[in-house]
Amino acid sequence: MDESLLTIKGVGPGRVKQLNKLGITDVSSLLTYFPRTYEDRSVSYLIGALKQGAVGATKGTVLNIQEKKPRRGLSILEIYIGDATGRLKVVLFNQGYKKNFYKVGQRLHVYGKVEFAYGSLQMNTPHIEILREGQVAEAGIVPVYPLVDGVSQFVIRHAISNWFAANDSLPELLPTDITKEHNFMTRYEAFKEMHNPLTVERYGLARKQLAYEELFIMQAGLLLLREREQAELGIKMQPNGDLVPAFLKALPFALTGDQQKAFNEIAADMEDERPMRRLLQGDVGSGKTVVGALSLLKAVENGYQGALMAPTEILAQQHYEGLTELMAGLKPLAQAATEQGQTAGLGQVKMALLTGSTKPAERQVIYEGLADGTIDIVIGTHALIQDSVTFKKLALVIIDEQHRFGVEQRATLQRKGHHPHMLVMTATPIPRTMTLSIYGDLEVSLIKEMPPGRKPVLTYAVDSTYKERLHRFFEKEMTAGHQVYVVCPLVEESEKLDLVAAEQLYEELAEKYHNKFGVGLVHGRMSAADKEAIMDAYYKGTIKLLVSTTVIEVGVNVPNATIMCVEGAERFGLSQLHQLRGRVGRGSTQSYCILVSDSHSEDSKQRLAVMTSTQDGFVVAEQDLLLRGSGQLFGLAQSGLPDLRIANILKDIDLLIAARQDAKDWLAKLGFDEAVKLMKPELLRRFGESFQRILYS
Ligand code: ADP
Ligand code: MG
């Protein structure tokens, strides 16, 4: 499968160049370059026989091409084709650049829906192929591949059919008994069906089989990964320390049942000699930080160090402040204990904050403190995984908002200790079954229950005609002493323009309200120090209205904030909107989330409707997946595993469960070494470098 493309008949250096544009570099990547969709051209109509409403194929000669521009921003390209029986108008919208692409006299094959408009039949944006001299359009079920400019369907179809013509087998991947049990066809047949389906039924079977294969390999890899990590001896902690109970006693609130349960699970893991690999999942505001603090203290009371890594500086800063405040409760207890001649050390927990903007001198002190063990807990950003950071006895690594980090970054921090325990915390409420596929190497603890007294955030979708009313609402809440977030989207392609928009909005609001309430602006291009100063003023309440680009998306905790207003809400993903909404409703006062959007697209309306109809992060996540497709799954790509090419995590959940069970049985039967030997090449091929380094380093 690693053979060069040049071994295929009809593929020379020129074709190779074109295929390369699609990321196709060898036979294997050619065969796994699956069609985007298929067209059933079993019936091709003469133009005169086309009927309104039918979906089908026809062909004809280009008679005339016209471009129309009825209004600014709209261009319509009309291509008239004809055969002996009639004429058909083919309409393309906003594709004026194709004007010179089609020429009078060319023969076109078109496939699409026949519509009736302005007294004649037409096809809007059909699929078009230019037929060469003497070329006959393919019939039957025809694959349609995703393309880029300068590469035609013909090039890829031709390469693929020539490969199949010259070969009659492919190496099998799955263990024979599994293939038998599931009644699978050969891999050769399955791939052939994917590219050139004989029937819809056979295609369905082939897709299912290859999806299963993909999931089996992924699960086998994740299971091997877990087995390998757990084969190592980690650090066994003692059950009864003094810091954890003292901290709980000093805490101004009682843990919720779910928080207690999660910590019990974590404690049990840490008391085991196998390193913990646990995911702590809980909706925004469910109180994960306290559970993280308890886990860190457990490491400290056992004489070890702990590290917490967060994705942004603001978040790291806030964790640091939050933990300092939580730990402050330990101090008086420590004093009392010392006076009574009990445990010294209590309340002496030493914490440090390490981020990209920590000053060099201070940074040096922290490096030394971590290396000689005088610092017990460090909180930071990516700065923690720099080479210069070393620990004396790191026993626990906590990673917050895991989806922001890759598998590899997670591993780098782990390597700074001797098989330390690892806890990853995420507010992304991934449906339970789905965690299997992404976090297949982790156990899961779930915080479902919110701290008592929380009121659901009232969510409204409005358009920008509501501006004045909104401003009056902001004013009312701020007069009552509450705080407001206004978020503007920052989309990378036009960062500058978006920034201008955010600044304008800020100026408008500042002019109205700054003197009375204090208005601030934070955005991604500010220096860390400036950002921090503004955020600080917002925490303290001297700024009551904060205009921001999405930098506050994760983790920020200002319980006094009661309004989250999101401008251009259609430009955010559902899970992002849910995160943003989670910034309010953190105290006992009624809070509001207002989604402002002028978009009329069906898709945005649907997404905003999800937000206004549910508070449940799991429902939001599921809807998000359904609307967007699993490829986009919360930065699945960033999690270090590539997107699934065939399987769909939502729709193929049954296959996933079956594949996981089969992979487990297979691994148990074969043993680790043999299994690695068999799966290694395919794991490398599909999961790439980052997976390799973890599994085999
Ligand atoms: P998240 O899970 O989003 O990280 P946090 O840990 O920031 O949530 O907690 C949100 C807020 O709830 C914080 O102000 C925290 O002090 C508070 N909190 C956490 N647990 C409880 C509890 N059991 N009872 C009352 N308030 C709690
Ligand atoms: Mg948090």
Side-chain angles (χ1 to χ4, degrees), residues 244-245 247-266 278-297 308-312 314-330 377 379 398-405 423-430 444-457 482-483 485 535 538-541 552-562 564 575-589 591 593 615-618 620-621 634:
V244 167
F247 176 84
L248 284 175
K249 209 165 147 198
L251 207 59
F253 47 76
L255 295 185
T256 63
D258 281 350
Q259 282 172 321
Q260 185 64 57
K261 181 158 169 279
F263 179 62
N264 290 349
E265 288 164 349
I266 292 166
R278 188 168 283 279
L279 176 73
L280 176 60
Q281 216 182 344
D283 213 341
V284 272
S286 63
K288 294 181 294 295
T289 314
V290 183
V291 177
L294 281 163
S295 319
L296 289 165
L297 288 175
L308 191 164
M309 180 159 73
T312 65
I314 290 185
L315 198 49
Q317 167 86 24
Q318 185 160 21
H319 268 308
Y320 178 73
E321 281 163 11
L323 289 177
T324 308
E325 206 181 299
L326 285 172
M327 305 283 181
L330 287 170
I377 295 173
I379 292 144
I398 301 185
I399 294 172
D400 195 19
E401 303 299 345
Q402 138 84 4
H403 64 291
R404 297 297 184 97
F405 294 104
L423 178 67
V424 299
M425 305 200 293
T426 180
T428 309
I430 307 152
V444 181
S445 291
L446 192 59
I447 306 184
K448 271 208 134 152
E449 193 183 348
M450 285 285 171
R454 297 277 172 82
K455 291 197 180 73
V457 177
H482 301 312
Q483 286 170 273
Y485 291 105
M535 287 312 287
Y538 191 66
Y539 297 141
K540 294 203 177 92
I552 56 159
E553 183 194 331
V554 281
V556 181
N557 186 28
V558 179
N560 193 39
T562 54
M564 166 59 67
S575 60
Q576 259 178 323
L577 288 176
H578 183 69
Q579 289 278 337
L580 287 170
R581 176 166 63 184
R583 297 306 108 214
V584 294
R586 300 170 84 84
S588 51
T589 346
S591 294
C593 173
Q615 300 275 326
D616 186 330
F618 283 80
V620 173
F634 315 118

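Heavy-atom basis, side chains included; hydrogens, waters and symmetry copies ignored. All ligand and atom numbering here is 1-based and tracks the order in the structure.
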Chemist: Among L315, L326, T289, D400, whose heavy atom sits nearest atom 4 (O) of ligand 1?
Modeler: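 Going through L315, L326, T289, D400 one by one, T289 has the nearest heavy atom to atom 4 (O) of ligand 1.
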
Chemist: Just wondering, do I447 and L280 contact through their side chains at under 4.5 Å, heavy atoms?
Modeler: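 Yes, at least one pair of side-chain atoms sits under 4.5 Å.
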
Chemist: Determine, using heavy atoms of P252 and all atoms of ligand 1, whether some pair is separated by less than 4.0 Å.
Modeler: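 The answer is no: ligand 1 sits nowhere under 4.0 Å from a heavy atom of P252.
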
Chemist: Taking C-beta and beyond as the side chain, do I266 and L294 meet within less than 4.5 Å on heavy atoms?
Modeler: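 No, side chains not in contact.
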
Chemist: For G282, state whether at least one heavy atom is located under 4.0 Å from any atom of ligand 1.
Modeler: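 False for this residue.
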
Chemist: Only one of R581, R583, Q576 clears side-chain contact (heavy atoms from CB on, under 4.5 Å) with Q579; which?
Modeler: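 Exactly one pass, corresponding to R583.
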
Chemist: Counting each atom of ligand 1 from 1 as listed, which ones have a heavy atom of A254 under 4.0 Å away?
Modeler: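 Near A254, meaning under 4.0 Å from one of its heavy atoms, ligand 1 has 22 (C), 23 (N), 24 (N).
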
Chemist: Is there a side-chain contact between V457 and Q615 in this structure, where contact means two heavy atoms from C-beta onward sitting under 4.5 Å apart?
Modeler: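 Yes, close enough: below the 4.5 Å cut-off.
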
Chemist: Has R454 got any heavy atom lying under 4.0 angstrom from an atom of ligand 1?
Modeler: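 Yes, R454 has heavy atoms under 4.0 Å from ligand 1.
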
Chemist: For H578 and G617, which heavy atoms make the closest approach, and how far apart are they?
Modeler: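 That closest heavy-atom pairing would be NE2-CA, 3.4 Å.
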
Chemist: Would you indicate which of E325, R586, R583 comes nearest to atom 7 (O) of ligand 1 when only heavy atoms are counted?
Modeler: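 The nearest heavy atom belongs to R586.
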
Chemist: Under 4.0 Å from a heavy atom of S286: which atoms of ligand 1 are those, numbered in the order shown and with their elements?
Modeler: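 By the 4.0 Å cutoff, the relevant atoms are 2 (O), 8 (O).
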
